[in-house]
Amino acid sequence: MIDPRVLREEPDRVRTAQTRRGLSSAPVDDALAADEARRRTIADYETRRAEQKSLGKEVARASGEEKAELLARTRALSAEVKELEAAQGAAEQAWRDAVLAIPNLAHPDIPAGGEEQFALLETRGEMPEFDFTPRDHVELGAMLGAIDVERGAKVSGSRFYYLTGVGAELELALVMMAMDQARATGFTPMIPPSLVKPRAMEGTGFLGQAADDVYRIEGQDLYLVGTSEVPLAAYHSDEILDGAQLPLRYAAFSPCFRKEAGSHGKDTRGIFRTHWFDKVEMFVFTTLDEAEAEHERLLEHEKAFMDKLELHYRVIDVAAGDLGLSASRKYDCEAWLPSQERFRELTSTSNCNDFQTRRLDTRARYAEGIGPVATLNGTLCSTNRPIIALLETHQQADGSVRVPAALQPYLGGREVLEPR
RNA sequence: GGAGGCGUCGCCUAGUGGCCUAUGGCGCCCGCCUGCUAAGCGGGUUGAGGGUGAUCCCCUCUCGCGGGUUCAAAUCCCGCCGCCUCCGCCA
């Protein structure tokens with residue numbers, strides 16, 4: 001959630017941020033009104049409650065007629081306090097709901113507008129060129145015995161797949177390479193739970209408009225996570241961190257589950273958009289002051305990884321309207337897919353500043369007192385999209401695939417993957 | 001899954017309806033004292049929210065969480081969650 005103090009003191013900043021996302025500023029006014037109502041009911045309740053408490057003490061001391069009289073007064077007061085408390089609770093909840101409905105403030109430097117309004121930051125790597133007709137990853141995956149989408153569909157339905165043989169090896173190689181890089185750059189490797197309680201889901205902002213995309217476990221209050229960002233953000237929920245220990249950098253490997261409810265008919269071929277995939281995700285807790293610099297570092301880590309895969313890709317600064325609830329700024333790395341002849345998202349890194357920690361009650365103790373903590377996340381390596389990009393980019397006329405030098409040690413030194 | 005036990009301020013702990021504005025110890029912080037160190041002495045030390053928002057002051061909430069009983073709940077009742085022990089099952 002956004003900082004209630006910013007809302008109260010600089011509502012115009014919030015309104016502007018809404019507009020840049022292409023959203024109405026009505027929720028801002030709703031939240032302001034709710035805040036006022038909330039504070040009024042708090043004052044009402046607390047005044048009466050204080051009165052009740054002091055009378056209660058007199059009751060304890062009194063006796064006889066005096067006590068009977070006091071009891072009569074205090075009984076009536078008790079009922080009133082109960083009502084005021086309920087009213088206060090309701091106002092508190094209404095206020096919370098209103099503030100929770102407001103997305104993070106979009107960073108002032110990013111473009112306003114929707115998906116197409118992104119700013120191109122740079123393009124890296126060489127555009128792959130072929131003197132034959134390139135195959136797509138489905139065909140290559142079949143030739144290599146690496147990907148089996150037919151049996152994935154047979155067993156689990158559409159948007160599921162098996163990685164087989166060298167395909168499975170490829171995923172493990174990517175994961176190990178990502179983890180090695182993460183460890184070398186100061187991240188603690190983590191394997192978090194991929195089922196979480198509503199609190200974690202809510203706290204990371206995935207139960208709002210994005211709730212359609214989330215799998216819920218039948219008969220239990222548990223959700224399958226769409227990214228390990230969720231269990232990592234919630235890792236320090238209800239904690240006061242030691243400010244001197246920041247930043248805390250984690251890199252998690254986990255499966256990711258997505259209903260893809262809103263994308264029927266989109267990217268149906270192959271393993272580009274699936275209900276399940278695995279991912280190594282970077283996640284950082286740091287100070288608000290350091291958040292932007294850390295965001296740049298996360299982007300550098302992502303670029304370094306893409307470079308090792310020798311992919312052609314571009315880096316974009318995502319527009320305000322395409323940020324999602326929690327992010328104030330987001331950079332995507334999009335790799336060129338020869339079969340689609342366009343750039344497609346492989347990684348995404350977001351600066352959420354204190355939006356998630358406020359919901360999850362994560363703070364830190366600094367020299368000047370207890371204060372907010374920022375969170376940032378970034379994909380280091382999801383598994384299937386990089387596999388697609390690798391196969392398609394480094395394919396050769398006979399269907400074999402060249403292995404980038406950095407990845408070779410993780411594949412037993414193989415330089416080329418040969419069709420079966 | 002069955003049976004039992006436990007959950008109090010960073011840690012340990014006292015507390016079985018009003019004197020709890022929650023005890024004591026450890027740790028930590030500030031100060032004093034001691035010519036180093038150690039010891040000793042005094043004070044402080046959960047967090048959140050509100051009061052037309054000064055690190056001061058006042059108030060409310062916070063004894064795992066949520067309800068209930070009561071004029072009054074750490075304390076009594078109900079539900080839930082977590083942890084521990086034993087049994088069963090099991091990778």
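None of these values were measured; they are calculated from a predicted model.
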| said: Just checking A:E418: does its CD atom have more than 12 heavy atoms from other residues, nucleotides or ligands closer to it than 6.0 angstrom? | reply: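 Enclosed: over 12 neighbouring heavy atoms sit under 6.0 Å from CD of A:E418.
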
Whole angstrom is fine here: how far is it from [atom1] in [X] over to [atom2] in [N]?
| X | N | atom1 | atom2 | result |
| --- | --- | --- | --- | --- |
| A:R39 | B:C59 | CZ | C1' | 16 Å |
| A:E83 | B:C71 | CD | P | 16 Å |
| A:I42 | B:A48 | CD1 | P | 15 Å |
| A:Y45 | B:G50 | OH | C1' | 12 Å |
| A:Q88 | B:G50 | CD | P | 10 Å |
| A:R96 | B:A48 | CZ | C1' | 12 Å |
| A:Q52 | B:A73 | CD | P | 7 Å |
| A:D361 | B:G47 | CG | P | 13 Å |

| request: May I ask you to say whether A:R297 pairs ionically with A:E290, meaning some side-chain N is under 4.0 Å from a carboxylate O? | output: yes

| query | In terms of the nearest nucleotide of RNA chain B, which residue is placed more toward the 5' end: A:R75 or A:K197? | reply | A:R75

So, OP1 or OP2 of [N]: does either fall under 4.0 Å of a side-chain N or O from [X]?
| X | N | value |
| --- | --- | --- |
| A:T47 | B:U60 | no |
| A:R49 | B:C61 | yes |
| A:K82 | B:U69 | yes |
| A:R8 | B:G50 | yes |

Just call it for [X]: base, sugar-phosphate, or nothing, with non-hydrogen atoms closer than 4.0 Å on any strand.
| X | value |
| --- | --- |
| A:R73 | nothing |
| A:I370 | sugar-phosphate |
| A:R38 | sugar-phosphate |
| A:R365 | sugar-phosphate |
| A:L77 | nothing |
| A:A43 | nothing |

| task | Go through the side-chain N and O atoms of A:S25 and A:Q18 and say whether any donor and acceptor fall under 3.5 Å apart. | result | no

| Distance-only donor-acceptor check, side chains A:Y250 and A:N377, under 3.5 Å | no

| Is the NZ or CZ atom of A:R249 both under 6.0 Å from the centre of the six-membered ring of A:F283 and within 45° of that ring's axis? | no

Considering Watson-Crick and G-U wobble pairs with both distances under 3.5 Å, what does [N] pair with?
| N | result |
| --- | --- |
| B:C86 | B:G2 |
| B:C76 | B:G68 |
| B:G7 | B:C81 |

| task | Give a yes or no answer on whether the side chain of A:Q408 reaches the backbone of A:V403 with a donor-acceptor pair at less than 3.5 Å. | result |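 Between the backbone of A:V403 and the side chain of A:Q408 there is a qualifying donor-acceptor contact (under 3.5 Å).
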
| Of all the nucleotides listed (B:U21, B:C71, B:C61), which has the minimum atom distance to the side chain of A:K57? | B:U21

| task | Pick the P atom in B:G43 and in B:G49, then give their distance to the nearest Å. | result | 31 Å

| request: Between B:C9 and B:U62, how far apart are the C1' atoms? Round to whole Å, please. | output: 10 Å

| said: Would the base of B:G49 count as contacting A:E46 through its side chain, where contact means a donor and an acceptor less than 3.5 Å apart? | reply: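 Present.
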
